[in-house]
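Structure, as structure tokens:
All residue numbers refer to positions in the sequence shown, counting from 1. What you are looking at is a predicted structure, and each value in this text was computed from that prediction instead of being measured.
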Amino acid sequence: MNHNIIERNERLQKVSEALPPLPADTLIVNDYTNAFLHLNGIRWNMFSHEKVAGQPIPPSKEEGFSAAVVRLSTNKDQLRMMLSLLNTVLKDDAPIWVIGGNDEGIKSFPKTAKGYVKDVETIDIRQRARLLQGTRGELQSTLQDWMETHSIVLDGQPVEWNTFPGVFAKGRLDSGTEYLLNVLADYPIKRTFQLADFACGTGVIARWLADRFPEAQIDAMDADSWAIELAQLNAPTVKHRLVDGWIGMPRDCRYDLVISNPPVHIGKESDYSVLRGLIRDAKSRLHYRGQILMVTLHHIPIQRLAEEEEYRIIEVAAHNKRYKVWRLANHN
């Protein structure tokens, strides 16, 4: 975790000191950087962390939860979706506290969350972070209510694609992934028995691999539980893994090829922790002559990160004006 995220966590922790005593059945929601580990309650995170798998929907309680503390999401669509699901498990008029940084959009929260949280007021402001309080709104929904269907083109063919409003690329084929697939279409791949789509998102690469190599065993991996819900629909023939990187994957999983368009941000901040984990821990996951092919923007320091892990082969397999496709391996 980089310095900016650590510093932001400290500011959020500071403003959280203004919270009143919380009921024992308070839901702690969306603490994706672990800023609120000091708060007691029942946790609902959509993202997997270490060996704890993310949950696409909140835990349920027959009489409803008494309160919630929400870590602000910088993605407004994702935030509204999260609040609509949260409202299905809260008691009527349950208090909702929301904590976030000024530069993350906390000032516009009352407008963003209109209908989902009512009577929003500012409780405390400290070090460019705010604590807001409101009460449970009337708008609520299920995951299925948010499902959207678009059309993307894979291997020259239109394919119906399921997505949610807040997920990466918003129902489009991301330009980096599109470039990677174009490179892969002509790339000399010798073994295709065990394949992995690392940080699979909604399943674009996994689906492409499944269509190209129907005989292969394919793992589609992501920490985002909402993304895995979509990948199960979009790439139904592969094995879906809701895991925090390689953590939680069976130790005996080995691959001929690991493909990835890895994330390099957490919220608003640049963060290479997922990328570092991919590069560091994939070494022990590759078969003899196994390789990693990943696409990144030009400025991402893959050469340095791979050299730190002592890969024998670090090369740019292809590039255009925006992207590089990197090949990492230990054997030719």
Side-chain angles (χ1 to χ4, degrees), residues 4-5 7-23 25-36 38-39 41-47 56-59 64-143 145-146 148 164-168 170 224 226 265-269:
N4 289 337
I5 295 173
E7 190 270 339
R8 185 186 298 278
N9 276 0
E10 291 173 351
R11 289 191 281 117
L12 298 178
Q13 290 164 5
K14 193 67 177 176
V15 78
S16 73
E17 294 174 0
L19 282 166
L22 299 174
D25 64 340
T26 297
L27 273 177
I28 312 297
V29 181
N30 194 39
D31 186 18
Y32 59 89
T33 61
N34 293 322
F36 303 144
H38 61 292
L39 298 180
I42 299 159
R43 297 184 178 270
W44 173 39
N45 288 323
M46 287 69 73
F47 295 89
I57 59 175
F65 290 94
S66 298
V69 176
V70 176
R71 168 72 163 91
L72 184 73
S73 171
T74 58
N75 184 313
K76 293 182 179 181
D77 288 328
Q78 185 184 74
L79 178 61
R80 285 186 282 261
M81 185 173 164
M82 179 177 65
L83 293 171
S84 74
L85 298 173
L86 176 62
N87 284 343
T88 66
V89 298
L90 291 178
K91 295 178 180 177
D92 291 343
D93 295 325
I96 298 176
W97 288 279
V98 183
I99 302 175
N102 291 349
D103 61 341
E104 294 179 308
I106 190 71
K107 292 180 182 179
S108 63
F109 176 82
K111 181 179 178 181
T112 301
K114 186 177 181 180
Y116 299 97
V117 182
K118 61 186 181 182
D119 302 326
V120 179
E121 58 181 331
T122 300
I123 302 301
D124 200 63
I125 303 172
R126 302 188 196 184
Q127 298 180 344
R128 306 185 306 282
R130 296 184 181 223
L131 170 66
L132 309 183
Q133 180 180 345
T135 54
R136 174 190 177 275
E138 297 301 319
L139 294 179
Q140 53 182 273
S141 59
T142 66
L143 271 182
D145 293 331
W146 289 90
E148 299 175 352
F164 294 132
V167 302
F168 178 65
K170 298 183 179 180
D224 184 340
W226 290 348
H265 292 87
I266 293 182
K268 292 178 67 68
E269 307 290 353

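Phe164 places a side-chain heavy atom less than 4.5 Å from the side chain of Leu143. Between Lys118 and Asp93, the closest side-chain pair of non-hydrogen atoms falls below 4.5 Å. Residues Tyr32 and Ser73 have side chains not in contact (no heavy-atom distance under 4.5 Å, counting atoms from C-beta outward). For the pair Leu19 and Leu39, the minimum side-chain heavy-atom distance is below 4.5 Å. Side-chain contact check for Leu79 versus Phe109: some heavy-atom pair is nearer than 4.5 Å. Taking 4.5 Å as the limit, every side-chain heavy atom of Val15 sits out of range of all side-chain heavy atoms of Gln127. Contact check for Met82 versus Trp226: side-chain heavy atoms found under the 4.5 Å cut-off. In this structure the side chain of Arg80 never reaches within 4.5 angstrom of the side chain of Leu139, judged on heavy atoms.
Here the closest heavy-atom approach between residue Thr88 and residue Ser141 is recorded as CG2-O, 3.6 Å. Between Asn9 and Ala35, the shortest heavy-atom contact is OD1-CB, 3.4 Å. Taking every heavy atom of both residues into account, Leu12 and Ala129 meet most closely at CD2-CB, 4.1 Å. Closest heavy-atom contact between Ile106 and Gly101: CG2-O, 3.2 Å. Contact between Leu90 and Ala67 at its shortest, heavy atoms only, is CD2-O, 3.9 Å.
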Arg8 and Asp103: CA distance, side-chain angles, deciding distance, side chain to side chain contact (heavy atoms under 4.5 Å, CB included) verdict
CA-CA 10 Å; Arg8 185 186 298 278; Asp103 61 341; 2.9 Å; yes

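The line from CG of Asp119 to CG of Leu132 is 13.0 Å long, rounded to the nearest 0.5 Å. Within the model, atoms CG of Leu85 and OG1 of Thr142 stand 7.5 Å from one another, a figure rounded to the nearest 0.5 Å. Taken from CG in Leu72 to CD1 in Ile99, the straight-line distance is 10.0 Å, to the nearest 0.5 Å. From Ile42, atom CD1 reaches atom CD1 of Ile28 across 9.0 Å, with rounding to the nearest 0.5 Å. For the atom pair Thr112 OG1 and Asp77 CG, the distance stands at 10.0 Å (nearest 0.5 Å). The structure places CH2 of Trp44 at 8.0 Å from CG of Asn30, a figure rounded to the nearest 0.5 Å.
Arg126 contributes a side-chain N or O that, together with a main-chain N or O of Lys14, makes up a donor-acceptor pair within less than 3.5 Å. In terms of modelled atom types and a separation under 3.5 Å, the side chain of Gln133 and the main chain of Trp97 share no donor-acceptor contact. A donor-acceptor pair under 3.5 Å is absent between the side-chain atoms of Asn45 and the main chain of Phe47, judged by distance alone.
In this structure, a donor-acceptor pair under 3.5 Å is present between the side chains of Asp25 and Ser66. There is no side-chain donor-acceptor pair under 3.5 Å between Ser84 and Asn87.
Look at Arg11 and Glu7 and you find a salt bridge, because one of the NZ, NE, NH1 or NH2 atoms lies within 4.0 Å of a carboxylate O, short of that distance. Asp31 has a carboxylate O that lies under 4.0 Å from a charged side-chain N of Arg43, or vice versa, which qualifies the two as a salt bridge.
Heavy-atom contacts from other residues, nucleotides or ligands closer than 6.0 Å to CD of Glu17 number more than 12.
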